[in-house]
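Take a look at the structure below.
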Amino acid sequence: MEIIILPTPADVARTAADAIEDQVRSGPSVVGLATGSTPLGTYQELIERHRTGGLSFAQAQAFLLDEYVGLPTDHPQSYHSVIRAEFTDSVDFAAGAVHGLDGMAANPAAEALRYDASIEAAGGVDIQILGIGTDGHIGFNEPMSSLVSRTRIKTLTQQTRVDNARFFETPEQVPDHVLTQGLGTISQARHLLLLGLGEAKADAVAAAVEGPVAAICPASALQLHPHVTVLVDEAAASKLLHKEYYQYAFDRKPAWQGL
Ligand code: PGA
């Protein structure tokens, strides 16, 4: 894991956008997208680069990490709708190039299998953006998710429902169930970008990066992946034990290395 501590959320957004831009400019690419508040700055940065810097997603495909069960695709809080509003409608993905899970599928298990097969058919994900939940989840893999899980239905913890209630009119409207790429599915992406912003994520970031690999902190599964870049602001990094070393290593990062 490479752990990069940056002064502000804007620095995290710019650095994440740099990594995605490099990938997308290198040729036809498959980008893994996350919803939630954390990647919004990154999406704003990419939209700006599309508008003013000639960055094009016309040759790219995108796969979402997860979706609420029971929300139709056109519901404003379905992740299909959210990603369109926050990112994909503001750049130039081709029609049909942004893929998500169907939260209304009559057979969620079959939908999950279909989704994993469609990621594989696209050649796998080149670069995956990840946020982290206060309970250490990535995607919607809640604590005790199998570290090798595939896409499947999960039950949200009460904590996650409370965390996400701000997007709904009442907390009760947050669905109980979701479809999410599994930890094994996510781990097949070739490069993982884990973003963490703010004090509320400091415990989860510390457990993911410096704790044991254990299902109690699903993001700790990333320690087994060969190419993970953790981008955190000072507040999210505040509980890391080896902060000074990460900064020292980043200050000495060879210029040729990239992320
Ligand atoms: P957030 O959520 O970006 O809205 O904080 C992250 C997550 O739950 O994965």
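Nothing here was measured: the structure is a model prediction, and the numbers come from that model. What's counted below: heavy atoms across the whole structure, side chains too, no hydrogens, waters or symmetry copies.
Put simply, the side chain of D233 does not reach to within 4.5 Å of the side chain of T8, judged on heavy atoms.
In terms of the salt bridge (Lys or Arg N to Asp or Glu O under 4.0 Å) criterion, residue partners of D203 (sequence neighbours excluded) are, by chain and number, K239. For H99, the ring-ring contact (aromatic ring centres under 6.0 Å, His included) criterion is met by F63, not counting sequence neighbours. Judged as a side chain to side chain donor-acceptor pair (under 3.5 Å), and not counting sequence neighbours, S187 has no contacts. Take Y246 and apply the ring-ring contact (aromatic ring centres under 6.0 Å, His included) test, not counting sequence neighbours, and it matches no residue. When the ring-ring contact (aromatic ring centres under 6.0 Å, His included) test is applied to H137, the partners found at least two apart in sequence or on another chain are F140. Judged as a ring-ring contact (aromatic ring centres under 6.0 Å, His included), and not counting sequence neighbours, F250 has no contacts. Residues forming a salt bridge (Lys or Arg N to Asp or Glu O under 4.0 Å) with E86 (at least two apart in sequence, or on another chain): none. The salt bridge (Lys or Arg N to Asp or Glu O under 4.0 Å) search around D126 returns R190, not counting sequence neighbours.
When the options T180, N141, D116 are evaluated for a side-chain hydrogen bond (donor to acceptor under 3.5 Å, both in side chains) with R152, the one that passes is N141.
A salt bridge links E111 with R114: at least one charged nitrogen is closer than 4.0 Å to a carboxylate oxygen.
Under a 4.5 Å side-chain heavy-atom cut-off, the cluster of Ile, Leu, Val, Met, Phe, Trp and Tyr residues that includes M104 has no other member. Applying the under-4.5 Å side-chain rule to Ile, Leu, Val, Met, Phe, Trp and Tyr, the cluster around V148 consists of that residue alone.
One side chain, D163 or Q159, offers a donor N or O that lies under 3.5 Å from an acceptor on the other. Between the side chains of H242 and E210, no donor N or O sits under 3.5 Å from an acceptor N or O.
Within the structure, side chain to side chain donor-acceptor pair (under 3.5 Å) pairs that include any residue of residues 35-44 comprise S37-R166 (at least two apart or interchain). Applying the ring-ring contact (aromatic ring centres under 6.0 Å, His included) definition to pairs two or more places apart or across chains, those involving residues 158-208 are Y68-F168, H191-H227.
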Tell me, with the steps shown, if E67 and D102 meet side-chain contact (heavy atoms from CB on, under 4.5 Å). CA-CA 7 Å; E67 184 57 275; D102 178 4; over 6 Å; no
The test is side-chain contact (heavy atoms from CB on, under 4.5 Å); show your working for V125 and I119 and say whether it passes. CA-CA 7 Å; V125 173; I119 295 172; 4.0 Å; yes
L259/D22 under side-chain contact (heavy atoms from CB on, under 4.5 Å): CA gap, chis, key distance, verdict: CA-CA 10 Å; L259 285 186; D22 283 353; over 6 Å; no
Determine whether D18 and R49 satisfy the following criterion, side-chain contact (heavy atoms from CB on, under 4.5 Å), listing intermediate values before the conclusion. CA-CA 10 Å; D18 287 346; R49 293 179 192 195; 2.8 Å; yes
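With hydrogens and angles ignored, the 3.5 Å screen pairs no side-chain donor or acceptor of S29 with any backbone N or O of A60.
Heavy-atom neighbours of E169 CD from other residues, nucleotides or ligands within 6.0 Å: at or below the threshold of 12.
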